[in-house]
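Lettering follows sequence order; numbering is per chain, from 1. The analysis underlying the following values was restricted to heavy atoms, covering all of them including side chains, and did not include hydrogens, waters or symmetry mates. Computed from a prediction, not measured in an experiment: that's the story for all the values here.
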Amino acid sequence: MKSGQPIIDLLNRLLVSELTAINQYFLAAKICQDKGLHRLGHHLRKESIGEMKHAEALIERILYLGGLPNLQKLDKIHVAENVPDQLRADLELERGTVRSLNEGVKTARAAGDAGTATLLEELLEGAEDHVHWLEAQIGLVESLGVAQYLAEQMHGE
Amino acid sequence: MHDAARSEAKAIDTGSLPGIVKSIIKIGPPRRTPDRFMYVCICRAVTLSHLRAIVASGAATLDDVEGACGAGGDCGTCRNDIRRVLAEAPPSREPQSKAA
């Protein structure tokens with residue numbers, strides 16, 4: 001199926017966010033695991049793989065619409081030296097993704113592309129869940145203190 | 001906070017302002033500098049605190065910073081962040097790379 005270039009460009013812009021998130025979360029996951037924060041590292045790794053599935057869905061949609069997915073473009077990856085700053089950096093990235101997906105849904109609907117709009121709504125649900133999780137973690141860091149929060153992140157999955 | 005600053009910038013009547021001020025308002029407020037404990041340059045593993053120490057010790061240009069720690073000399077993604085850190089520093093220093 002051939003579709004308008006604006007929708008393909010929109011999907012490619014969203015793909016940049018997903019590819020950036022894959023790398024940012026994966027690196028953060030591995031740093032956590034390296035420091036012995038296995039529980040948090042496991043969760044971040046799962047989030048990274050979730051972003052890869054989102055990227056896959058966008059890539060398939062772009063190809064279906066007759067475009068070429070751009071996998072060589074990434075935004076700056078934000079990696080922190082400590083967990084609270086990493087959670088804040090991840091929250092900033094994910095909130096940006098929620099904003100972009102909301103705008104994307106509107107644009108796709110306005111262009112009469114319900115298939116793209118539905119896909120973006122599905123991705124939006126995942127991104128909002130992730131924002132919710134990050135906000136909860138930052139709240140826990142504030143209420144428990146960094147040391148107690150990190151102690152809870154050492155064991156288990 | 002960033003969004004609030006942006007809307008504030010939009011609300012200013014730019015009609016009577018000099019060109020340079022207009023161009024600053026058009027660009028909008030500067031992007032937030034990276035947090036204190038962030039890596040500025042992933043390629044060379046340079047943190048913001050390390051970069052600030054290099055700038056405090058006299059680095060005044062992108063070339064100075066690259067010469068001191070390599071930051072900015074690989075993929076270049078962090079160059080804008082380095083520029084922002086350089087802009088925060090006192091402006092009176094001579095570039096080290098010029099003297100070298």
Which heavy-atom pair separates I42(B) from I77(A) by the least distance, and what is that distance?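 Scanning both residues completely, I find the closest heavy atoms to be CD1-O, 3.7 Å.
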Contact summary for K76(A) and Y39(B), nearest pair of heavy atoms: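 Looking at all heavy atoms of both residues, the closest pair is NZ-O, 4.0 Å.
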Indicate if [X] and [Y] have the same hydrophobic cluster label, given that clusters are the connected sets of ILVMFWY residues with side-chain heavy-atom separations under 4.5 angstrom.
X: L19(A); Y: F26(A); answer: no
X: V16(A); Y: M52(A); answer: no
X: L65(A); Y: L123(A); answer: yes

Could you identify which residues cluster with L93(A), counting Ile, Leu, Val, Met, Phe, Trp and Tyr as linked when any side-chain heavy atoms lie under 4.5 Å apart, either directly or through a chain of such contacts?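 For the cluster that includes L93(A), the remaining residues are Y25(A).
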How long is the straight-line distance from CE of M38(B) back to NE2 of H78(A), given to the nearest 0.5 Å?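 That separation rounds to 6.0 Å.
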